[in-house]
Asker: 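First the structure, then my questions, so here it is.
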Amino acid sequence: MSLDKILAISGKPGLFELKTQTRSGFLAESLIDGKKLSVSIQHNVSVLSEIAIYTFTEEVPLREVFQKIQEKENGEQAINHKESKDKLAAYFSEVLPDYDEDRVYASDIKKVLQWYNILQSKGFTDFSEPEESKAAEEEE
């Protein structure tokens with residue numbers, strides 16, 4: 001399972017794994033409770049591999065942020081996403097010191113930490129870049 005197959009669906013809690021495509025959208029399975037969900041094209045869906053966090057110099061891909069959290073926590077769970085706003089901001093600045101506080105909101109930090117904890121609890125620990133995209137970058 002790679003971040004290319006992990007989805008965040010607007011209005012639905014948690015994360016979903018893309019299972020198969022259908023005529024009107026696709027079928028996804030919740031990583032929290034394993035329930036399958038038919039998702040139409042009208043839903044607002046984000047693929048985790050396409051999400052990035054703003055810093056003062058660049059946009060850092062979410063997988064890199066997950067790697068940094070994983071290194072900080074030695075592969076264990078991060079702090080709870082329900083901690084106070086100040087605690088979350090302090091924790092996130094340890095993980096990503098130059099994140100842009102004006103464009104990365106507390107709600108974004110909560111989502112990142114919640115998503116990391118969901119993935120970590122499901123045994124998803126490989127946040128490295130997929131081999132195909134690495135090979136393509138090296139050729140360029």
Asker: Is there a side-chain contact between Val112 and Val104 (heavy atoms, below 4.5 Å)?
Answerer: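 Counting from C-beta outward, Val112 and Val104 never come under 4.5 Å.
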Asker: Are any non-hydrogen side-chain atoms of Gln77 and Ser121 less than 4.5 angstrom apart?
Answerer: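 With C-beta onward as the side chain, the pair touches.
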Asker: Between CG of Leu113 and NZ of Lys111, what distance do you get to the nearest 0.5 Å?
Answerer: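 Between Leu113 CG and Lys111 NZ, I get 12.5 Å after rounding to 0.5 Å.
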Asker: Taking Glu17 for its side chain and Glu29 for its backbone only, find out whether a donor-acceptor pair lies under 3.5 Å.
Answerer: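 Between the backbone of Glu29 and the side chain of Glu17 there is no qualifying donor-acceptor contact (under 3.5 Å).
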Asker: Kindly compute the distance separating CG (Asp100) from OH (Tyr105), expressed to the nearest 0.5 Å.
Answerer: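 Interatomic distance, Asp100 CG to Tyr105 OH, rounded to 0.5 Å: 9.5 Å.
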Asker: Parallel under 30°, tilted from 30 to 60°, perpendicular over 60°: which one fits the rings of Phe127 and Phe66?
Answerer: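 Phe127 vs Phe66 ring planes: tilted.
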Asker: CD1 of Ile69 to CD of Glu64: how many Å apart, nearest 0.5 Å?
Answerer: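 Between Ile69 CD1 and Glu64 CD, I get 12.5 Å after rounding to 0.5 Å.
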Asker: Using 0.5 Å steps for rounding, measure from the CD1 atom of Ile109 to the CD atom of Glu101.
Answerer: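 Between atom CD1 of Ile109 and atom CD of Glu101 there are 8.5 Å.
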Asker: Find out whether Ile51 and Leu3 are in side-chain contact, i.e. whether some heavy atom of one side chain is under 4.5 Å from a heavy atom of the other.
Answerer: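 No, their side chains stay 4.5 Å or more apart.
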Asker: When rounded to the nearest 0.5 angstrom, what is the spacing between NZ in Lys12 and CG in Asn44?
Answerer: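 Atom-to-atom, Lys12:NZ and Asn44:CG are 13.0 Å apart.
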Asker: Compare all side-chain heavy atoms of His81 with those of Tyr116 and state whether any distance is below 4.5 angstrom.
Answerer: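 Heavy-atom side-chain distance check fails, nothing below 4.5 Å.
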Asker: So how far is it from His43 NE2 to Ser38 OG, rounded to the nearest 0.5 Å?
Answerer: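 Interatomic distance, His43 NE2 to Ser38 OG, rounded to 0.5 Å: 8.5 Å.
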Asker: For the CZ atom on Phe56, are there more than 12 heavy atoms of other groups (residues, nucleotides or ligands in this structure) within a distance under 6.0 Å?
Answerer: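 Correct, the count exceeds 12.
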Asker: Which atoms form the tightest heavy-atom contact between Ser49 and Asp4, and what is the distance?
Answerer: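 Closest approach of Ser49 to Asp4, heavy atoms only: OG-OD1, 2.7 Å.
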Asker: Of all the heavy-atom pairs spanning Lys82 and Asn80, show the shortest one and how long it is.
Answerer: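 The answer is N-OD1, 2.7 Å.
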Asker: Is there side-chain contact between Ile6 and Trp115, with at least one heavy-atom pair below 4.5 Å?
Answerer: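 Contact flag for Ile6/Trp115 side chains = no.
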Asker: Is Phe124 close to Leu31 at the side-chain level, that is, under 4.5 Å between some pair of heavy atoms?
Answerer: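 No, side chains not in contact.
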Asker: Using a cut-off of 6.0 Å, state whether more than 12 heavy atoms not belonging to Lys72 lie near its atom NZ.
Answerer: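 Result for NZ/Lys72: enclosed.
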Asker: Heavy atoms, side chains only, cut-off 4.5 Å: are Leu48 and Leu15 in contact?
Answerer: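 Yes; the side chains approach each other to less than 4.5 Å.
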Asker: Between the side chain of Gln114 and the main-chain N/O of Gly14, is any donor-acceptor distance below 3.5 Å?
Answerer: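 It does not hold such a pair.
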Asker: Any side-chain heavy-atom pair from Tyr54 and Asp108 closer than 4.5 angstrom?
Answerer: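 No, their side chains stay 4.5 Å or more apart.
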Asker: Treating Ile, Leu, Val, Met, Phe, Trp and Tyr as nodes and any side-chain heavy-atom pair under 4.5 angstrom as an edge, say whether Ile32 and Leu119 lie in one connected cluster.
Answerer: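 Shared cluster, yes.
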Asker: What are the two closest heavy atoms between Thr125 and Gln70, and how far apart are they?
Answerer: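 Minimum heavy-atom separation between Thr125 and Gln70: O-NE2, 3.0 Å.
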Asker: Linking Ile, Leu, Val, Met, Phe, Trp and Tyr through side-chain heavy atoms less than 4.5 Å apart, which residues share a cluster with Val47?
Answerer: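 Its cluster mates, by chain and number, are Leu7, Ile9, Phe16, Leu18, Phe26, Leu37, Val39, Val45.
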